[in-house]
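In what follows, a structure is listed as structure tokens, so that the remarks can point back to it.
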Amino acid sequence: MKTIISDNINKAIELLKNDKVIGFPTETVYGLAGNALSIRAIEKIYEVKQRPKENPLILHIANKQDLSKYCFVEHEVFLKLADKFWPGPITFLLNKTSLISEMVTASKPKVAVRIPNHEMALRVLKNIDFPLVAPSANPFNYISPTSAQHVKAALNAKIEFILDGGKCDKGIESTIVGMHKDELIIYRPGTISLEDIKKIYPKVKLNITDKSVQTPGMFKKHYSPKTPLIATHHINREIKKHSNKKLGVLTFTSSSPINDTHIHYHLSPNLDYNEAAHNLYDFLYKLDAMNLDLIIVELLPEGGMATAINDRIKKASAC
Ligand code: TXA
Ligand code: MG
């Protein structure tokens, strides 16, 4: 199939209304979007992503008023979080209503839902009368795409259309939160950090290994390039150890290549975590296309958003 990359919103809407799945821009990463109320579209998403059926899909809606159609908001903290952060990169786990198929939630009682903060995504969502499911538009276990070109490269002619909304602003997937007893749990860290959420609800904790909610984003190996990858705080030491190999190096603190035999990208010339998140997957896509023996990535100094970025780097490295 020939994949068209285009900014034609009307074409995107027409395809979605016809149960097709398309590449879909958001502020975090590109999604593989389809009608959340259409079994055909849902099946197609699992097929294109080669995603195991026990891995549920995130719902994307246009406005807060629609929330009660698809889920029960049983705790007011979600309304407060929505007021503060939506549209934006935070996803809530809430008990689903009967409108949402068990195929979306992989037979779990809760559905994941968010309002994306991307002008084109919102225009699409406001012009259809159904919500979209949109997991990241990468094959299962590969790096999430942050541009239309990444989607095309990763899905290799399996979809006919990618709505081009430019390079994703945030660059890593949304923060996922859910309530357990009276505690808010962060199941997947993101650019909205524990500290940001604490200001609204102090009883919040990070738990990315809780087995009671199975979020495959928590699986150890995830978001991985095909090239082997090492995550480290000691970049020079690792480079010396592997100096006989064709190396790709991604650094945060050091701006110049340690020597000129390896390919080097600097995650953030401004030493800024937002910029590092924005660039991470793009650099991994580039390095993974270069036939290297090994990619070495420097972990960021801990604090705030570093939790989310280091989580993705570590997952890319696990074998
Ligand atoms: O930023 C994002 O969240 C992007 C953009 C496209 O919106 N989407 C995204 O989707 O990252 P995905 O499917 O790649 O990651 C969603 C994660 C998966 O690990 C999935 O298992 C988990 O959320 N998840 C979805 N529904 C769930 C549920 N009902 N219970 C527990 N985990 C759930
Ligand atoms: Mg994903």
Side-chain angles (χ1 to χ4, degrees), residues 21-34 36 42 45-46 48-61 70-71 85-96 100-118 120-122 124-125 131-148 150-151 154-155 162-163 165 168-180 185-192 207-208 210-224 277 281 308 311-312 315-316:
V21 305
I22 64 166
F24 182 73
T26 82
E27 82 282 32
T28 56
V29 300
Y30 272 69
L32 181 63
I42 297 168
I45 288 175
Y46 279 104
V48 170
K49 256 189 88 87
Q50 294 164 290
R51 184 171 190 147
K53 284 272 163 61
E54 57 276 11
N55 192 343
L57 306 175
I58 293 189
L59 209 63
H60 294 66
I61 58 173
Y70 310 116
C71 38
F85 296 119
W86 273 1
I90 187 162
T91 298
F92 305 152
L93 292 178
L94 298 168
N95 281 317
K96 74 175 193 72
I100 299 301
S101 148
E102 300 222 318
M103 278 181 70
V104 169
T105 64
S107 304
K108 294 178 210 304
K110 289 186 178 172
V111 64
V113 59
R114 80 179 190 102
I115 303 181
N117 188 17
H118 187 289
M120 287 169 81
L122 288 170
V124 171
L125 284 163
L132 294 175
V133 268
S136 53
N138 49 288
F140 184 58
N141 273 348
Y142 196 61
I143 313 159
S144 296
T146 54
S147 71
H150 292 165
V151 180
L155 293 180
I162 301 166
L163 183 61
C168 300
D169 179 31
K170 299 294 177 193
I172 60 172
E173 304 82 351
S174 60
T175 307
I176 300 182
V177 294
M179 207 59 165
H180 184 64
I185 313 282
I186 299 179
Y187 292 104
R188 180 174 71 181
T191 51
I192 293 176
N207 184 353
I208 44 180
D210 184 345
K211 296 284 180 299
S212 66
V213 177
Q214 279 223 325
T215 299
M218 304 181 216
F219 288 173
K220 226 179 148 210
K221 184 174 169 66
H222 208 68
Y223 318 107
S224 308
Y281 290 156
D311 169 69
R312 304 309 193 277
K315 278 175 180 148

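Note: hydrogens, waters and symmetry copies are ignored here, and every other heavy atom, side chains too, is used. Order of listing sets the numbers, starting from 1, for every ligand and every atom in it.
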Say whether, by atom type as modelled, one donor and one acceptor occur between the side chain of [X] and the main chain of [Y] under 3.5 angstrom.
| X | Y | value |
| --- | --- | --- |
| K96 | S101 | no |
| Y281 | H150 | no |
| K53 | M103 | no |
| R114 | I176 | no |
| T26 | T28 | yes |

[X]: numbered ligand 1 atoms lying under 4.0 Å from its heavy atoms:
| X | value |
| --- | --- |
| K110 | 28 (C), 29 (N) |
| N55 | 18 (C), 20 (C), 21 (O) |
| G31 | 6 (C) |
| I176 | 17 (C), 23 (O) |
| S174 | 1 (O), 2 (C), 3 (O) |
| P135 | 10 (O), 12 (P), 13 (O) |
| K108 | 30 (N) |
| I58 | 3 (O), 8 (N), 9 (C), 10 (O), 16 (C) |

For ligand 1, does [X] get within less than 4.0 Å through its side chain, its backbone, both, or neither, judged by non-hydrogen atoms?
| X | value |
| --- | --- |
| V29 | both |
| E173 | both |
| S136 | both |
| E54 | neither |

Nitrogen or oxygen atoms of H60 and ligand 1 under 3.5 Å apart =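 Between H60 and ligand 1, an N or O pair is found under 3.5 Å apart.
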key: Backbone or side-chain N or O of K49 under 3.5 Å from ligand 1 N or O   =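 By distance alone, the answer is no.
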ask   = Residues in side chain to side chain contact (heavy atoms under 4.5 Å, CB included) with H118, at least two apart?
value =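 Only P25, M120, A121 meet the side chain to side chain contact (heavy atoms under 4.5 Å, CB included) criterion with H118.
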Determine whether any heavy atom of [X] lies closer than 4.0 Å to an atom of ligand 1.
| X | value |
| --- | --- |
| A134 | yes |
| K170 | no |
| K96 | no |

query = Under 3.5 Å, is there a donor-acceptor pair between the R188 and T91 side chains?
reply =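 Distance-only check fails for R188 and T91.
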ask   = Would S144 and E173 count as having a side-chain donor-acceptor pair, cut-off 3.5 Å?
value =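 The criterion, which ignores hydrogens and geometry beyond distance, is satisfied for E173 and S144.
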query = Does S136 bring an N, O or S atom to under 2.8 Å of the Mg ion (ligand 2)?
reply =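 So S136 does bind the Mg ion (ligand 2) by this criterion.
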ask   = Do you know the tightest heavy-atom contact between P135 and L57?
value =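 For P135 and L57, the tightest heavy-atom pair comes out as CG-CD2, 3.8 Å.
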ask   = Among I115, I186, T191, I192, whose side-chain contact (heavy atoms from CB on, under 4.5 Å) with I90 holds?
value =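 For I90, the side-chain contact (heavy atoms from CB on, under 4.5 Å) check succeeds only for I192.
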query = Under 30°, 30 to 60°, or over 60°: which ring-plane class applies to F24 and H60, parallel, tilted or perpendicular?
reply =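 Ring orientation, 0 to 90° scale: perpendicular.
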request  = Apply salt bridge (Lys or Arg N to Asp or Glu O under 4.0 Å) to the pair E54 and K108, showing each step before the final yes or no.
outcome  = CA-CA 9 Å; E54 57 276 11; K108 294 178 210 304; over 6 Å; no
message = Among G190, C168, P56, which one puts a heavy atom closest to atom 26 (N) of ligand 1?
response =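 Among G190, C168, P56, the closest heavy atom to atom 26 (N) of ligand 1 comes from P56.
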